[in-house]
Amino acid sequence: MDTFALLGQGLLTAAQPMNLLYALIGVTLGTAVGVLPGIGPALTVALLLPVTYQLDAAGSLIMFAGIYYGGMYGGSTTSILLNTPGESASIITALEGNKMARKGRGGPALATAAIGSFVAGLIATLGLAFLAPIIVSFALSFGPAEYFALMILAFVTVSAAFGDSALRGLTSLALGLTLGLVGIDLQTGQARLTLTPVAKYFRELAADPAAPLHSLWESLSSLFGGISANLLDGIEVTTLAVALFAIGEALVVAAAASRTPDTIEAVKGSLWMTKEDWKRSWKPWLRGTAVGFPIGAMPAGGAEIGTFLSYSMEKNLTKHPEEFGQGAIEGVAGPEAANNASAAGTLVPLLTLGLPTSATAAIMLAAFQQFGLQPGPLLFITSPQIVWGLVASLLIANLMLVVLNLPLIGLWVRLLTIPRPWLYAGILVFATLGCIGANPSAVELGMLLLFGLMGYMLRRFGYPIAPVVVGLILGPMAEQQLRRALAISQGDPSVLVHSVLAVTLLTLAVLALVVPMILRARGRGKLLAAMASDED
């Protein structure tokens with residue numbers, strides 16, 4: 001009953017006229033950007049993060065929730081019409097949905113994706129509302145050692161889950177942790193990795209007016225002095241996220257070889273589903289929700305796992321197996337429901353434990369932190385109005401999205417005709433203006449370009465992006481909890497394994513690192529054995 005009362009209060013907050021307007025703007029922007037080819041929810045959320053910077057905390061997070069869900073909806077549209085998944089979780093939607101579009105049944109495919117997303121989002125948001133208080137009550141028993149173990153689990157699961165190599169994931173994480181060290185150490189007051197010694201060196205060279213190249217040393221002293229001063233506050237998560245996801249992606253597309261022109265598949269016939277389509281879709285919607293939500297809520301979960309499991313389940317349960325691979329509507333309905341249920345599921349560990357389990361969740365964590373809010377069990381106590389307003393706004397955003405998406409499919413199709421050079425040039429301009437609006441500084445703009453180039457290089461050599469953002473966000477928090485635990489124990493490191501919960505979390509972290517490596521090694525062994533047998 002307490003949950004119903006809190007959710008009711010959240011609905012009152014979310015239903016205020018200005019907050020409804022923020023939600024509407026969020027879902028419209030999220031869908032409009034998310035529907036563009038190659039842009040998934042993570043990039044959509046990163047690109048639009050600066051838009052929310054000037055709003056109050058409640059209005060900003062409500063708009064952000066709309067952007068998040070709108071990006072999820074938009075990804076299904078480009079997958080079905082263009083066969084261009086914006087993220088790995090949309091691959092299955094593209095597999096069957098694009099086949100339907102090629103047969104002139106793009107309308108029913110888009111409709112079952114939109115309605116399935118609405119059903120899954122509604123059920124999963126209610127699941128979030130009722131599950132979150134239980135996890136919060138459990139998480140309040142965490143001490144510094146348990147929180148540090150939880151951070152280690154987050155580091156390992158995010159690093160091992162993204163990409164094909166655990167080593168590359170851990171390398172990306174180490175890069176993010178290093179960036180998290182930049183700035184003033186809150187305990188000692190020392191500046192770390194702020195280029196202060198470099199600025200001091202050039203300042204000493206410029207102190208002698210008669211020295212050769214005096215004007216050069218003076219310019220370099222001024223340059224590095226400004227950089228050092230800006231780095232004292234640390235690296236802005238917003239700048240890093242926008243640079244890695246938006247600038248890096250645009251540079252990758254610009255550097256790619258010439259592509260064949262994208263062809264838009266015509267949406268022929270009615271946009272509405274037939275009676276038979278409804279009959280074949282409603283059970284996959286429910287099954288996809290049941291699969292996607294718990295997997296999204298797991299620390300080592302991921303939306304793509306739920307979509308593949310849902311697709312496999314529908315393929316085994318269908319009465320029309322001959323249609324799979326040729327455009328089966330169940331192959332769109334189930335995975336799309338699982339995808340959106342998983343999106344709500346990722347908010348469970350994010351809001352209750354401060355644990356991001358996906359790239360999008362990591363950027364949402366950055367959105368909280370730009371307003372001085374730290375997701376975790378205490379957030380439900382210190383800012384219940386904001387938290388429950390956010391949860392309730394997910395319900396409103398879902399309703400707005402299904403109303404928006406069905407009539408506006410024709411508009412989204414026209415957006416898909418934007419040429420790639422114009423599209424990614426617009427992304428670069430939008431990202432730059434957003435960064436300047438959030439922090440008007442030449443140094444910040446330089447860091448945006450530098451991190452954008454870093455994002456390009458990471459993609460170029462197959463390193464995952466999400467662990468860098470997670471390392472920057474969670475690294476300082478893990479350091480703080482470690483120092484607190486060691487201070488309580490007067491420097492005894494065994495405090496980190498004193499409690500059963502801490503040992504359990506650290507064991508899970510080891511398993512999350514080792515098990516995928518063993519499975520990959522076994523898979524490679526089987527592949528080599530199969531190749532050897534073929535040669536024989």
Side-chain angles (χ1 to χ4, degrees), residues 25-26 28-54 63-64 67-68 70-71 74-75 77-78 82 84-87 172 175 179 227 230 235-259 261-262 359-360 362-364 366-367 370 412 414-461 463-466 468-469 472:
I25 293 171
T28 306
L29 282 175
T31 309
V33 176
V35 80
L36 296 171
I39 302 180
L43 177 51
T44 303
V45 171
L47 193 61
L48 297 177
L49 178 59
V51 173
T52 65
Y53 195 77
Q54 299 296 333
M63 180 187 286
F64 212 71
I67 291 170
Y68 179 39
T77 303
T78 184
L82 275 185
T84 309
E87 53 161 356
S172 293
L175 182 58
L179 294 175
I227 293 173
N230 273 270
I235 292 172
E236 288 286 339
V237 179
T238 307
T239 302
L240 182 70
V242 171
L244 290 181
F245 285 94
I247 307 292
E249 180 69 22
L251 293 177
V252 166
V253 171
S258 58
R259 301 167 183 265
D262 292 321
T360 315
I363 301 167
M364 290 196 73
Q370 80 178 6
W412 305 141
R414 290 189 185 91
L415 281 178
L416 294 173
T417 62
I418 297 175
R420 278 185 186 273
W422 295 8
L423 170 62
Y424 284 95
I427 287 175
L428 289 172
V429 171
F430 195 84
T432 305
L433 291 177
C435 177
I436 293 174
N439 193 348
S441 162
V443 174
E444 206 71 26
L445 200 58
M447 285 197 290
L448 183 76
L449 175 60
L450 180 65
F451 291 140
L453 292 171
M454 185 176 77
Y456 165 73
M457 296 303 294
L458 288 172
R459 284 177 171 84
R460 175 69 178 79
F461 294 102
Y463 286 84
I465 301 296
V468 182
V469 181
L472 176 64

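We're numbering straight along the sequence, starting at 1. The basis for the numbers below is simple: all heavy atoms, side chains too, and nothing from hydrogens, waters or symmetry mates. As the structure is a computational prediction, the values presented were derived from the model and not from experiment.
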K.L.:
Between atom OH of Tyr456 and atom CG of Leu251, what is the distance when rounded to the nearest 0.5 Å?
P.N.:
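Going from OH on Tyr456 over to CG on Leu251, the span is 8.0 Å.
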
K.L.:
Rounded to the nearest 0.5 Å, what separation is found between the OG1 atom of Thr28 and the CD1 atom of Ile67?
P.N.:
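Those atoms lie 10.0 Å apart.
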
K.L.:
What closest approach, in Å, do Phe451 and Leu244 show between heavy atoms, and which atom pair accounts for it?
P.N.:
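Result for this residue pair: O-CD2, 3.4 Å.
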
K.L.:
When you compare the side chain of Leu449 with that of Met454, does any pair of heavy atoms fall below 4.5 Å?
P.N.:
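Side chain of Met454 against side chain of Leu449, heavy atoms only: no contact under 4.5 Å found.
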
K.L.:
Checking Leu428 now: which residues fulfil side-chain contact (heavy atoms from CB on, under 4.5 Å) with it, not counting sequence neighbours?
P.N.:
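Listed in chain order: Ile247, Ala250.
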
K.L.:
If you look only at pairs with a residue in residues 452-461, which of them pass as a salt bridge (Lys or Arg N to Asp or Glu O under 4.0 Å), with sequence neighbours excluded?
P.N.:
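Checked against salt bridge (Lys or Arg N to Asp or Glu O under 4.0 Å) - neighbours excluded - the pairs reaching residues 452-461 are Glu249-Arg459.
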
K.L.:
May I ask you to decide if Pro464's main-chain N or O and Ser172's side chain share a donor-acceptor pair within less than 3.5 Å?
P.N.:
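Checked: pair present.
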
